[in-house]
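Just so we're on the same page: letters track the sequence lines, and every chain starts at 1.
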2 protein chains.
Amino acid sequence: MANYTRRTRRQLPGGAPSDMQDISIVQLGLGGVGLALLDQFQALPDASRSGLTLTGVADSSAALYRPEGLDGDTLAAAVAMKRARSPLSAHPEHLPAAAIAQAFERGPAIVVDVTASEATMPTLRQAAEAGCGIVLANKRPLCEDSATWRLLTGSGRLRYEATVGAGLPVISTLAYLQRTGDTVLKIEGALSGTLSYLFTRIENGDSFSAALRSAHELNYTEPDPRDDLGGMDVARKALILARTIGIALELSDIAVQALYPPEMARMPVSDFLAQSAKLDQSYQQQRREAAREGKVLRYLAHVEPGNVHIGLAGVPPESPAGSLHGTDNLLVIHTRRYSNPMRIAGPGAGPEVTAAGVLGDILDLAIAMRAQEQGGRCL
Amino acid sequence: MANYTRRTRRQLPGGAPSDMQDISIVQLGLGGVGLALLDQFQALPDASRSGLTLTGVADSSAALYRPEGLDGDTLAAAVAMKRARSPLSAHPEHLPAAAIAQAFERGPAIVVDVTASEATMPTLRQAAEAGCGIVLANKRPLCEDSATWRLLTGSGRLRYEATVGAGLPVISTLAYLQRTGDTVLKIEGALSGTLSYLFTRIENGDSFSAALRSAHELNYTEPDPRDDLGGMDVARKALILARTIGIALELSDIAVQALYPPEMARMPVSDFLAQSAKLDQSYQQQRREAAREGKVLRYLAHVEPGNVHIGLAGVPPESPAGSLHGTDNLLVIHTRRYSNPMRIAGPGAGPEVTAAGVLGDILDLAIAMRAQEQGGRCL
C-alpha cells in the first residue's frame with residue numbers, strides 16, 4: 001500500500017524533472033461514501049493519482065494527519081476501525097480533529113467533505129480563506145447564508161457534483177452551459193430516490209404505509225424516514241441548483257411540502273412507522289384524483305427565478321418524471337439555447353456512485369488548480 | 001471588436017505579472033456551426049476568454065492567419081462573406097488553406113475542426129505531431145483507422161464532445177466514469193435526431209414518404225436524405241462511442257442497416273423523394289408488427305464489446321428510447337457501478353448547441369494544457 005506515499009519530484013513524460021509540489025488531499029468523513037472514496041482513490045491508475053497525496057483523514061472524533069502522506073498501514077488500520085464502527089479516536093496515532101487544518105498552510109491542498117454534518121463548516125471556512133480547493137458531497141455548507149455561499153464559491157476552487165444526483169453529471173453540466181454563454185431558465189427534478197420509490201409503489205397500488213415500511217427495510221430511507229419525508233433534503237438540493245444558476249435565495253425562502261402532518265413530527269421512529277397507516281387514505285385519494293386526470297404523483301423540485309418550490313405534483317405518466325421508476329433521480333434542464341430541455345437521469349444515491357462524483361471533482365479541481373498556478377483561470 | 005486581439009502579458013488576480021503565453025486558436029470550417037462558434041467565442045466574458053487568442057480561420061478555399069490574433073475588421077469581413085455564401089478566398093488578405101499550420105510552431109495552439117470533411121486530416125495530423133490541442137465536431141477523423149485514432153488520442157490533448165449528441169454531456173461523462181474507475185459495459189442510443197423524428201411520425205400514423213418529405217422540408221435531413229437514411233452517420237457516432245470505451249474496432253466492422261434498398265442509392269434526390277412512397281407499405285407493415293408486440297420502431301445504435309450494430313428495432317413505448325419525441329437524441333449508459341443505467345437526452349443537433357459543445361471543449365482543453373505545462377497531467 002505504498003500508493004499513499006508522497007512523490008514530490010517526478011520525471012515528466014518529456015523527461016524534464018518537475019518542481020511541482022504535490023497537492024495534499026484531506027478527507028473529512030469516513031462513513032459509507034468516505035470509505036468508498038478511499039477505495040476508489042487507491043484503485044486509480046498511477047497516472048491519474050500522480051501529483052496527489054492523501055495527507056489526512058478525519059471523522060467527528062479525531063484526525064490522522066501526516067504532511068508527507070499517510071502510510072498504508074496507518075490508513076488500513078483506520079479503515080478497519082471505521083468498518084467495525086469504532087471512532088477514529090481509537091487509532092493510536094490520532095490527533096485532535098482540528099489538526100487537519102495544518103494541511104492548509106503547506107502548499108496546495110484540497111479538502112474533501114463527505115460528511116452530512118454542519119460541524120465541518122469552520123474547517124471549510126479556514127480552507128477557503130487559505131485559498132485551498134474544496135470538494136463537497138456534504139450539502140449543508142452550500143445551504144448556509146449567501147455570504148457563506150460567496151466565500152465558498154468565490155475562488156473558483158470549489159466542486160460539488162455529488163451534492164445533487166450523486167455521480168450524475170448535473171453540476172458540471174450546469175457549469176458548462178453557463179460557461180459557454182447559455183442561460184438556464186428552469187430546472188425541474190425528482191431529486192430524492194427514496195421519494196421516487198415511494199410514489200412509484202403507490203402508483204402500483206401499494207398503500208403509503210406499506211411502501212414506506214418497505215423503503216425503510218431496504219435502507220432506502222434515512223434511519224428516521226421523516227428526514228426524507230420532510231422534504232428538507234430535496235429543498236437543500238433545490239437551493240444548490242438555484243444558487244448554481246445565479247438565483248439569490250436562502251433555504252428559508254423555499255416553500256417545502258412535508259409528507260406527514262406536524263403532530264407526527266416528534267414521536268419515536270417506531271411509533272411513526274406504526275401510525276403511518278393513518279395517512280394511507282389521504283394518499284390513496286390523492287392518487288385517485290391524479291389518476292382521474294390521467295396523471296401520476298411525483299415529489300418534485302421546481303427551480304426558476306422567482307419560483308422555487310418543492311412538493312407533490314401530478315404529472316403525465318409519459319412525461320420524463322412520470323416515466324421514472326425505482327429510486328432514480330431526474331433533472332430536466334430548460335435553457336435559452338435548448339429548444340427541448342436536456343434530461344439527465346439515473347441512480348442519484350449510493351456510496352459507490354457518490355464517491356465517484358467526489359473523485360471526479362478532485363481530479364478536475366487538481367487540474368484547474370495547476371492551470372491557475374500557470375496563470376490560467378480556475379473555473 | 002478588440003476581443004480578438006492578443007494579450008500576452010496580463011495581471012493575475014494576485015497582482016503578479018504572468019509570462020504565460022496565450023494559447024492560439026485556429027478554426028477549420030465556417031459553416032453553420034463555425035459561424036455560431038465565432039459568435040459564442042466573441043460573446044464570452046473576458047475572464048473565460050483570457051489567455052486564448054483566435055489567430056486563424058479557414059474554409060476549404062483559403063485561410064486567414066495572423067500570429068498576433070485576427071483583428072475584428074478582418075474577421076467581420078470574413079463572417080459577412082461566409083454568410084453571403086462566398087468562399088474565404090474572396091477575402092483580400094487570404095492565404096493558402098495550409099498556411100494555418102504556421103500556428104502549430106509558435107507556442108501552444110488548439111486546432112478546432114468544425115467541418116464535416118475528410119480534407120482536414122493532414123492538418124490535424126500535423127497538429128497532433130506538433131503536440132497541439134485538437135477539438136473536433138467533425139466525426140470523420142475519429143473514424144479513420146485505429147492508428148489514426150491512437151495518434152489523435154495519444155497525447156491526451158483531444159476533445160470531441162460535439163461529435164456525439166452535439167452539446168449533450170456524453171463524451172465527458174464517459175471520460176469521467178472511466179477516469180474514476182468505473183467500467184462502461186454497454187451503450188444504447190438514439191443518435192440521429194432526423195431518424196427519431198421520422199419514426200415518431202410513422203408511429204403517429206404518417207407514411208414513411210410523407211414523414212420523409214416533411215423532415216426534408218424542415219431541413220432536419222441532409223440535402224440528400226440518404227445521408228441520414230443510410231445509417232453511416234449513426235455508425236460513425238457508434239464507432240466513436242465504442243473506441244471511447246476501449247473497444248478496438250474499424251468502421252467497416254459495424255453492421256449498418258440502411259433504410260432504403262440499394263437500387264435507390266444512385267438516383268437524383270428529387271427522384272428518390274418521389275419514389276420513396278414505394279417503401280411506405282413495408283414500413284407500415286413493420287410498424288404494425290411492432291405494435292402487435294406492444295412496441296414502437298426506433299433506429300438505434302447498440303455498443304458493447306463484441307457486439308456493435310446499428311438498425312431499426314422495436315422497443316416498448318415506455319422505455320427511454322420509446323418515449324423519445326421529436327428530434328431528440330438519447331444515450332443509455334450501462335456501467336459496472338450503476339445498478340440502473342444513466343440516461344442523457346435532449347437536442348443532439350443544431351448549430352448553437354453544437355458550437356457550445358465545441359466551445360466547452362476548447363475551454364476545458366486550455367485548462368488541461370496549462371496544467372500539463374505545470375507538470376500536471378492532461379486528461
Student: If you tally heavy-atom pairs under 4.5 Å against chain A, which of B/L177, B/V332, B/N340 wins?
Tutor: B/N340
Student: What is the minimum heavy-atom distance between A/R179 and B/L363, and which atoms define it?
Tutor: CG-CD1, 3.7 Å
Student: Identify the heavy atoms of B/I367 and A/A371 that sit nearest to each other, and give their distance.
Tutor: O-CB, 3.4 Å
Student: Return the option, out of B/G181, B/A356, B/S323, with the maximum number of heavy-atom pairs under 4.5 Å with chain A.
Tutor: B/A356
Student: Which is it for B/H325 and A/E318 under the side chain to side chain contact (heavy atoms under 4.5 Å, CB included) test, yes or no, and what are the steps along the way?
Tutor: CA-CA 11 Å; B/H325 292 292; A/E318 70 277 11; 5.6 Å; no
Student: If I measure from the heavy atoms of chain B, does A/L37 come under 4.5 Å with its side chain, its backbone, both, or neither?
Tutor: neither
Student: Are the side chains of B/I344 and A/R343 in contact, using a 4.5 Å heavy-atom criterion?
Tutor: no
Student: Flag the pair A/F41 / B/T180 as yes when at least one side-chain heavy-atom distance between them is below 4.5 Å, and no otherwise.
Tutor: no
Student: Looking at B/G326, B/G357, B/A175, which has the largest count of heavy-atom pairs under 4.5 Å with chain A?
Tutor: B/G357
Student: Using atom types as modelled and distance alone, determine if a side-chain donor or acceptor of B/Y176 lies under 3.5 Å from a backbone N or O of A/L168.
Tutor: no
Student: What are the two closest heavy atoms between A/P347 and B/S339, and how far apart are they?
Tutor: CG-OG, 3.8 Å
Student: Can you find a heavy atom in the side chain of B/E373 that is under 4.5 Å from one in the side chain of A/E373?
Tutor: no
Student: Whether the side chain of B/Y338 engages the backbone of A/V353 through a donor-acceptor N/O pair (distance < 3.5 Å, no angle test) should be reported.
Tutor: no
Student: Counting C-beta onward and ignoring hydrogens, is there a side-chain heavy-atom pair between B/P169 and A/M342 closer than 4.5 Å?
Tutor: yes
Student: Among A/I362, A/L330, A/D328, which residue forms the greatest number of heavy-atom pairs with chain B at distances under 4.5 Å?
Tutor: A/D328
Student: Between B/G322, B/A345, B/G346, which residue shows the highest count of heavy-atom pairs closer than 4.5 Å to chain A?
Tutor: B/A345
